[in-house]
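Just below is one structure, and these are the notes that go with it.
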Amino acid sequence: MDASNKESALNVNASSIKISDVSQDGDMLTFAITSQNLSGSGGVCVFRTYEDFIWLQQSLFSQEDVPELQGVIFPPLPDKPLPSHSHTQAKVLKQLGFLSLGDKWQIYCKALELYLQQVAAHTLLSKNKELYNFLSSSESPGKQRSKKGIFNRLSQVMEEMRKEGHKDVDEFFQSERDKTTNLSVLFKVATEKFLEVVLTKQKLALACGHFSTSLHLCVNQENADAVAFSKICLKLSDIIETMKRNFEKVSDNDMSTLGLGLELESRYQEAKREMLFRRTCRLVELDNANKNVDRAKPNKKAHMEEVQKATQKEFNLISSVAKQEIVHYHRTRVQVLRDFLIDWCEKQLSTAQESSTLFSQYLEACKGLAV
Amino acid sequence: MAASSERSPPPFPELEDQELEPELEDEDSDEGADIFTGSTLSSMDPPLPVSTSEPDKDIFSGPRAEPLNNPLSETAAEQLKAVSGASSKAKGDVPVEEAGSEEPDDLFSDPLGESGAELETHTSNAPLLDFSEEPPKSDPIKKAASSVAAEKKVLHTDLFGDGVDDDEDKDDLFKTPPGAMMKKPQASLFRAEPDDIFPEAKTEAKPATKASAKQPNNAPTDLFTEEPFTVMPAARAAVKPAAIPSANTSSKTNGLHSDEEDLFAEATVELSLDSPRNDRRKRDAMKPSEPVPCPSTSTSSSKPQPKKLEELEEEEKEDKFDLNISVTNPEKTTLSMFRSKQLTVRRRFSDFLGLYEKLSEKHSPNGYIVPPAPEKSILGMTKVKVGKEDLSSDEFVERRRAALERYLQRVVSHPSLLQDPDVREFLEKEELPRAVSTQALSGAGFLKMINKATDAVSKMTIKMNESDVWFEEKLQEVESEDQQLRKLHGMVESLVNHRKELSVNTAVFAKSVAMLGSSEDNTALSRALSQLAEVEDRIEQLHQDQAANDFFIFAELLADYIRLLGAVRACFDQRMKAWQRWQDGQNMLQKKREAEAKLLWANKPEKLQQAKDEIGEWEGRVSQYERDFDRVSATVRKEVMRFEKEKTRDFKKQIIKYLQSLLHSEQQLIKYWEAFLPEAKAIA
């Protein structure tokens, strides 16, 4: 996320990371990832599957030598793509939302690209060796580690229910937790609604397409009057076709900018929530340690205090990292959203201008049509 | 007649009686008295000619029983029952039963046709009598009706005279469509064709009887039209059933409701409706003249020949309250003195149907394409009447208004139809005789009827060996075009639906963004999101407008043309009919010739002359039929060409309109985005 990553051990320009191509082989999607090192020379292209991405994410999660990792907001990895035909369109749509749209996983690639860029730009995460390997080694990274990382979704949910309500000692974190819970729901809803808008636009485009095609069937060249009418029909068909293209463009704009932005934001909110949750877990641990110290028998007291101190220290570290992360996140997310909004707005504007030019041309042509 | 009597008659007397009962119980004593005194009087006047004495009897039973039973089919006994039963229920103490027992003799001794005719006359008389309840606007009729025997007699003689005169009077009075038979001018009041007497009589009769019973039923009608004052419904209800055009003041409003009435006839709501009739009346009289009063005489005199109308535009406004339609016709003429002349008349929906019926009766046998009037939508109308002020009823009213406007424009853009006196009358006359027999015209029933008829005709004429390839091809073209238009119509409908869906979704999204905006901490982002919510709200409106445009510009256009193609096919059918007549004539002539040959061979000179005469006669007819056929063919040809030109022009016009709307939408969008862009950029 940070544009300048001089301190980063990674010798790769974060913003140069691109997913340039994707190929589908059965159920397997392979992404071509290109990147450049900081000096701007020596581009590298590697091919990675979604499993490789999972592996990367796992290795990021499980860096044992970095205690402050618990306070990091990990850039969220998009959900598994479901390219197979065995999955219904509706299911894919439900699971991936905007990411399932677009031609040839275009939006999904964009999301993965963003993920990689964010990881590479992250001050802590970019130090990970595996990332470098992932980006530059032509070999496929090692076997996927056990799926059970620190995030086992199911157990997490259970724990979450238990610990979510734990009162925070720090007001800042308490309010962050509340706000994040609230915002992440709102963003999710907004994303869903926007997705519906986009889908409706696509349906409209489709309907326009049918309409335009059917108009072609009305063509009849047999006599003068019919020819005149046919001309009208063809003209209308063209107009409807333009309308169709307009809808397509608009919905493309929607999904590639604001749609993706909203989706990313809601995933990020989720990641932030997870981080806060991890911190809460530590907090619970700390509280337990404190209690243990109080309750501990004298012979074990020393040991307990040690544990308590260690936990306290770790917790403090995590909290400070988390605070930084949150501040950083808040700054960048506004930037990201802003960029998406501007991009969206500009695209819509240009599409509208294009269409309006086309329509006014048609209007002139129609007016000139001798009938 | 036979067909319709099969359909309906038996249930009606009962039905009517049932309906009548409760109402009559509620009835005011003096009003009841009016009716029944009237009838009593006449029934007590033996010296009066049959026609006069009968009417009165009919007054009682007329509205319900007669039109239903009398014209043949029903037995005398039944009739008697109906009459006397009804009347006795209605008023035990009045010598109705005498009437019942006396009259039937006359009634039933009459030859069927005549009695039928007379009965109808009298049925129409019933509403007349109803007028007597209404105090104001004293037509001679009303006065007479409400006053004493002597006057009553006068009234009858005035009104009905005897036999023929009477009929002729009616003719004028009621503006019977010319097609109706001389003998039954009144029939047209109820239904131009004998077939229709029954259904219509039923519906007519109801209001009539109700009227006499203070019309508790009619009130609801008005209720549903959302009259703000209950006052007005009352008055209207009173006026309404008096469907007699001679009561000029009320004819317009009258007509208005009666077709809606039927819908709600069952839905009875009691209302006290006595008092305000008077002022309502006045209001009625005032209202129509409100915009630009054009006395019909002056307009018609000042109006140039319709030919000179270069352009005729109509704007209609459907008044939601009483469902009147006010029609403004700014007419531009070539003569400068008539420039920017504006005609304003108020018409109700059924008047349009009536106009269509008149026109189609007159012109379609000649092969003209008579533009079909919009269909009645019972569902929509019910919504309007029952519904609150919701969107769908507004939409319905607007849709109907637009449809009527397009209909009128089509009529007046037709050179032949524009010259029709009925059209001119429709456009400029302050008061229009109540459109009649619109009941059958409206709705799906009518369409089915037409379809059946056309199917039957086309089946019948499959044998027709088409001499003219043009017609054959054209007919095929028309049919395939019909299919295509239907398909297109379906597509446009789905387009409209998606568009509506889009607008709904956009609205939901806008709300969701607004919520995001309000929970966002970053002030600039929050502000931008709120702005975005507003933009999305506007876009939603844009989508909604565009959906309306899709609908009104394309869906309605296509629907119109689908119906117009029906009219085109009908004119092909007319041509086939003409051809059939001609063929039949030829066959007949052939037979006659054969008969003559036989006679010649059998050497029967005494009959030979007659046979020769007949041949001569048939030769004349055949050549007449042939000429007719040629004429119709030529007209059809011309009409179809005209139709196609018109169609192309129409589509072009609509496409331009549509493009303009699209352009407008996009320009609005550009504006919105341009306004939003700085907001987005302002996010720090």
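Since we're looking at a predicted model, the values are computed, not measured. By convention in this document, chain letters (A, B, ...) are assigned in the order of the sequence lines, proteins followed by strands, and residues within each chain are numbered from 1.
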Checklist entry - Between A:Asn182 and B:Ser519, which heavy-atom pair has the shortest distance, and what is it? => result ND2-CB, 4.0 Å

Next on the checklist: Using heavy-atom distances under 4.5 Å, tell me whether A:Leu358 contacts chain B through its side chain, its backbone, both, or neither.
Outcome noted: neither

Next on the checklist: Distance check, rounded to the nearest 0.5 Å: A:Cys233 atom SG versus B:Ile655 atom CD1?
Outcome noted: 7.0 Å

Checklist entry - Which atoms of A:Asp339 come close to chain B, meaning under 4.5 Å heavy atom to heavy atom: side chain ones, backbone ones, both, or neither? => result neither

Checklist outcome for this item: Rounded to the nearest 0.5 angstrom, the CG-CG distance for A:Leu236 and B:Leu488 is 8.5 Å

Checklist outcome for this item: Rounded to the nearest 0.5 angstrom, the CD1-SG distance for B:Ile656 and A:Cys366 is 5.5 Å

Next on the checklist: Are B:His498 and A:Leu206 packed together at the side-chain level, in the sense that at least one heavy-atom pair is separated by less than 4.5 angstrom?
Outcome noted: no

Next on the checklist: For A:Val334, give me all partners under side chain to side chain contact (heavy atoms under 4.5 Å, CB included), at least two apart in sequence or on another chain.
Outcome noted: B:Asn522, B:Leu525, B:Ile683

Checklist outcome for this item: Value for CG (A:Leu341) from NZ (B:Lys681), rounded to nearest 0.5 Å, stands at 12.5 Å

Next on the checklist: Using a 6.0 Å cut-off, check whether atom NE2 of A:His330 has over 12 heavy atoms from anything other than its own residue.
Outcome noted: yes

Item to check | Residues from residues 187-202 of chain A approaching chain B under 4.5 Å (heavy atoms) | outcome: A:Phe187, A:Val189, A:Ala190, A:Lys193, A:Phe194, A:Glu196, A:Val197, A:Thr200, A:Lys201

Checklist entry - Which bit of A:Ile342 is near chain B, if near means a heavy-atom gap under 4.5 Å: side chain, backbone, both or neither? => result both

Checklist entry - Between CG of B:Leu669 and OG1 of A:Thr351, what distance do you get to the nearest 0.5 Å? => result 10.0 Å

Checklist entry - Of the backbone (N, CA, C, O) and the side chain (C-beta and beyond), which part of A:Lys179 lies under 4.5 Å from a heavy atom of chain B, both, or neither? => result side chain

Item to check | Region of A:Leu204 that comes under 4.5 Å of a non-hydrogen atom in chain B | outcome: both

Checklist outcome for this item: Applying a strict 4.5 Å limit to non-hydrogen atoms, the region of A:Cys208 in contact with chain B is both

Checklist entry - What residues, two or more places apart in sequence or in another chain, satisfy side chain to side chain contact (heavy atoms under 4.5 Å, CB included) together with B:Gln546? => result B:Arg499, B:Asn549, B:Asp550, B:Tyr658, B:Ser661, B:Leu662, B:Ser665

Item to check | Partner set under side chain to side chain contact (heavy atoms under 4.5 Å, CB included) for B:Lys487, not counting sequence neighbours | outcome: A:Ser214, A:Leu217, B:Met491

Item to check | Part of B:Gln660 within contact of chain A (heavy atom distance under 4.5 Å) | outcome: both

Checklist entry - Taking atom CZ of A:Arg333 and atom CD of B:Glu520, what is their separation to the nearest 0.5 Å? => result 4.0 Å

